[in-house]
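These notes are about the structure you will find just below.
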Amino acid sequence: MLELKNVSKFYYNKGVIATGFSKVNLKLDIGEFIAITGESGSGKSTLLNVISGLDTYEEGEMYVNGKETSHYSEKDFEDFRRKYIGNIFQTFNLVNSYTVYQNIELVLLLNGYKKRKIKKKVIELIKKVDLYKFRNTKVSKLSGGQKQRVAIARALAKETPIIIADEPTGNLDKEAAESTIKLLSEIAKDKLVVIVTHNYEQIEKYVTRKITMHDGRIIEDKKIKETKSTAKANEVEYKNITKINRLRLGIRNTFNIKTKFILLFIVFLFMTSAIMTQYANSRKQKHLSDIDGSNYLFRNSSENRIVIKKKDNTPFSSENYAQIENLNNIDYIVKDDALLDNEISLTDKKYLSIYGNASSIKGFKGNVDVGRMPENDNEVIIEEYEDRYYIKELAENLGNTTVYLMDLYTGAINEKIPMQIVGIKYMDSSLYYGNNNIYVSDNILNQMRFQINQRYSKIKILFQNKYYESNIYNPYFKIKTSENVPVGKAYVSNDLNYEVPSGSCKNKPIKIEIDNLYYKEELELKIARTYTKYNIKSLVGEEYEMNNGSIYINPEDYNKLFDKPSYQSSVFVKEVELLRDTGAELENLGYTTLIIKDTLTKSGQAQVVEIFQTIVTIFLIITLFFITYFIIKVILKSRNTYFATLRMLGATRKISKQLLIIELLIVENLAYLISVVVIILQAKQIINLSFIQTIVDYLKIKDYIILYIILIVMSYIISLKYAKKLFKNSSIKTYNGEV
């Protein structure tokens, strides 16, 4: 069965060659119960390791069923152990965190047995070694004799033709030793049993053959009893462990040692949270860099804004907006987007003045810090820095302060649009970029449009064949409205009488011409009345000093000039990464587009910061990788014996490596899952952890997928790196701590 011809084993250590054993010649057959004896250091355990394929040899030839093994690779010896060898070790080599049942089951799992076929076989073996009542007991709680019986049952489970036992009674009391040897002798009837012992008298009555070694050589090979032996053994048929059983073992190994699991979980949680935080910060810096540029035409420089107009320069229709809203990446539309690029002012007509960009409430993200979200059209929220002088008092009187739109250039207050401030969102005080915002309903935005259209239009007044320019800086010929003025008529200053030869401008025509980027409009009126400082109050209800020179017309006529459909709008996208795709879709639909972030002029400093942030992120990920690897290496050092035991039992390097990878990937997945749960709780404001808010604000679904892939790849590489170190040596060297 096994034959050794002039086999020698040498050890090399720092240039020194030591002999394990030399020129051994043996022939071992099925049915023999062989004892190998000799003093310590005589080479008997080394010989046993070579016979069982746990160690290689350097000289001679070992035959198995007549086949040479000198050319065997590590993979071949793994195959040899699985087919022929069942090991019983002096130190048992059991998995202490497994139960009796699980230790025996492990061999069958590694040999490809399916779960449904395992249970009956394992129970039979447990009963055979008289440990049935301990089947669910962890082996760490068993006595030495009980552990050895578990080791015997595990060896029997493989059903191999050879049982190799190294000092099987060395750690047992007399009674346990007797029981163990008796059990082994019963096994030897149809197997080859080879025992290394330093106490031959203890097993003398059972052995059929005695081999004595001294100084690495066999000095005696004595047959004690005649046996019915055979020179050829049947190979054990086996399969590789199934995928589902690999997963089962991986899950079992993840949780079977609580301390190890907790330490690994903390390490992976730290790695996950650190990378998530750094990635979110890099996204934040990228966002700030994108909006850090300047463009004097566009105050709202949001990175997800696209300005659009129709290519035929006609106004937008409701059908156009419905068509745009059906695009996948559209978050919301601001129809009168000129409002976004103009500062407005709200006043309570006393001391409070709030300046900011007018924004649609549809574009508000997150939650207010004080108050509530608007419920009615006249309710607004403001986004402002908390340290503004008026914020504290305003926060205490939310919902009780009525404010009005004030013209920034004339100071005129539009009392027709009363508004209530019901919520405040605080801006990040460390990031003084952009402008604060005033979020209002679309209805209020629509009412503001007149003021914006007037600001962007060139207005000329034709009177007595002479043009006069009207603008917000010149009080003369400024267009104002009054309900007291009849439709089609105009009230003008008495000073215009001097422009008429007859000295009276009453019933004279006056034409208002509007010209802007998108439309031209004319309005022809007749002068019905002239006002002086004595009658202006009764005519239009205003003061003379501030308004002399203004042309008062009916609001209905004013609306004809400025209440026009939208010619330019802005769309805001959900995913900035798809911004250009959305722009292309809009172009295909017949719109001219302008991506705002492409119009911004960035400072050189911003570009340097962006590059530096990228380098820092990469450096941190690499640093975290090595820190995590070295910590995991320390934590898993105690697991070296487990994986060495797996290989001694017949598991290949590949399978052992896969089990290690599964274990570490499970822990990383749990760490990632817990991190995501915490982030969701933060997003829903169930918890309040400020350092997580950046992740909530700046990471999208795609970012979480990217991070998951990065973390899984890192964990996989860590597993491979550790496995390469762990499995570079033979299983016996690994078990002895030579890693």
Side-chain angles (χ1 to χ4, degrees), residues 284-285 287-288 290-296 298-303 305 334 338-415 417-441 444-445 447-448 451-452 455 572 606 685 688 690-691 693-694 696-698:
K284 180 178 180 179
Q285 291 302 322
H287 170 76
L288 296 182
D290 286 341
I291 65 174
D292 186 48
S294 59
N295 185 317
Y296 73 96
F298 299 101
R299 295 177 65 88
N300 185 308
S301 56
S302 173
E303 62 176 341
R305 180 185 177 190
V334 176
L339 294 168
L340 299 174
D341 303 308
N342 284 270
E343 192 173 49
I344 64 170
S345 176
L346 301 180
T347 179
D348 64 351
K349 298 197 296 185
K350 296 177 183 177
Y351 67 89
L352 179 65
S353 292
I354 302 174
Y355 300 89
N357 292 336
S359 299
S360 171
I361 193 64
K362 295 176 182 177
F364 182 77
K365 303 297 182 184
N367 300 288
V368 294
D369 294 303
V370 181
R372 60 175 174 82
M373 295 294 291
E375 298 172 354
N376 302 307
D377 276 350
N378 69 325
E379 294 179 339
V380 304
I381 57 177
I382 63 171
E383 187 174 24
E384 182 61 279
Y385 296 109
E386 190 174 3
D387 59 0
R388 290 283 194 252
Y389 72 93
Y390 58 82
I391 285 294
K392 183 177 180 182
E393 184 175 347
L394 180 62
E396 294 173 350
N397 293 281
L398 285 178
N400 297 319
T401 303
T402 301
V403 292
Y404 305 88
L405 183 67
M406 180 175 69
D407 192 302
L408 287 172
Y409 300 96
T410 66
I413 297 173
N414 187 347
E415 296 187 10
I417 313 178
M419 290 170 273
Q420 296 287 329
I421 300 174
V422 297
I424 302 173
K425 172 73 173 178
Y426 294 135
M427 298 174 69
D428 188 343
S429 60
S430 66
L431 302 171
Y432 277 85
Y433 63 88
N435 297 288
N436 52 306
N437 294 294
I438 300 172
Y439 292 94
V440 300
S441 67
I444 291 179
L445 284 176
Q447 294 182 58
M448 292 178 179
Q451 187 182 92
I452 300 301
R455 190 175 299 167
F572 289 79
Q685 295 189 319
N688 185 19
S690 58
F691 67 92
Q693 192 58 44
T694 301
V696 174
D697 293 339
Y698 289 94

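Hydrogens, waters and symmetry mates are skipped; everything else that's a heavy atom, side chains included, is used. Sequence positions, counted from 1, serve as the residue numbers for this chain. What you are looking at is a predicted structure, and each value in this text was computed from that prediction instead of being measured.
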Return the NZ to CG distance between Lys425 and Asp369, rounded to the nearest 0.5 Å. 5.0 Å
Val696: side chain to side chain contact (heavy atoms under 4.5 Å, CB included) partners, not counting sequence neighbours: Ile679, Gln682, Ala683, Ile692, Gln693
Side chain proximity check, Pro418 to Asn378, heavy atoms < 4.5 angstrom: no
Does anything in residues 357-368 pair up under salt bridge (charged side-chain N to carboxylate O under 4.0 Å, His left out), and if so which pairs, sequence neighbours excluded? Asp331-Lys365, Lys362-Asp442
So Leu346 and Met406, side chain to side chain contact (heavy atoms under 4.5 Å, CB included) or not? Walk me through it. CA-CA 6 Å; Leu346 301 180; Met406 180 175 69; over 6 Å; no
Could you give the distance from OH (Tyr439) to OG (Ser359), rounded to the nearest 0.5 Å? 5.0 Å
Does Leu405 form a side chain to side chain contact (heavy atoms under 4.5 Å, CB included) with Ile344? I'd like the steps, not just the answer. CA-CA 7 Å; Leu405 183 67; Ile344 64 170; 4.0 Å; yes
Can you list the residues that meet the side chain to side chain contact (heavy atoms under 4.5 Å, CB included) rule with Asn367, with sequence neighbours excluded? Gln685
Looking at residues at least two apart in the chain, or sitting in another chain, which of them share a ring pair (Phe, Tyr, Trp, His ring centres under 6.0 Å) with Tyr404? none
For Val380 and Ile421, what are the C-alpha separation, side-chain angles and deciding distance, and is it a side chain to side chain contact (heavy atoms under 4.5 Å, CB included)? CA-CA 5 Å; Val380 304; Ile421 300 174; 3.8 Å; yes
Contacts of Glu415 that satisfy side-chain hydrogen bond (donor to acceptor under 3.5 Å, both in side chains) - sequence neighbours left out: Lys349
Shortest non-hydrogen contact from Val368 toward Met373: CG1-SD, 3.9 Å
For the backbone of Ile444 and the side chain of Asp377, can you confirm whether one donor and one acceptor N or O come within less than 3.5 Å of each other? no
side-chain hydrogen bond (donor to acceptor under 3.5 Å, both in side chains) filter on Glu375, not counting sequence neighbours, yields none
List for me each residue that meets side-chain hydrogen bond (donor to acceptor under 3.5 Å, both in side chains) alongside Ser353, sequence neighbours excluded, and say none if there are none. none
Asn376 meets the side-chain hydrogen bond (donor to acceptor under 3.5 Å, both in side chains) criterion, sequence neighbours left out, with Glu379
Between Ile391 and Tyr426, is a side chain to side chain contact (heavy atoms under 4.5 Å, CB included) present by the stated rule, with each step listed? CA-CA 10 Å; Ile391 285 294; Tyr426 294 135; 3.6 Å; yes
What residues form a side chain to side chain contact (heavy atoms under 4.5 Å, CB included) with Thr401, not counting sequence neighbours? Asp348, Leu352, Leu394, Asn397, Val403
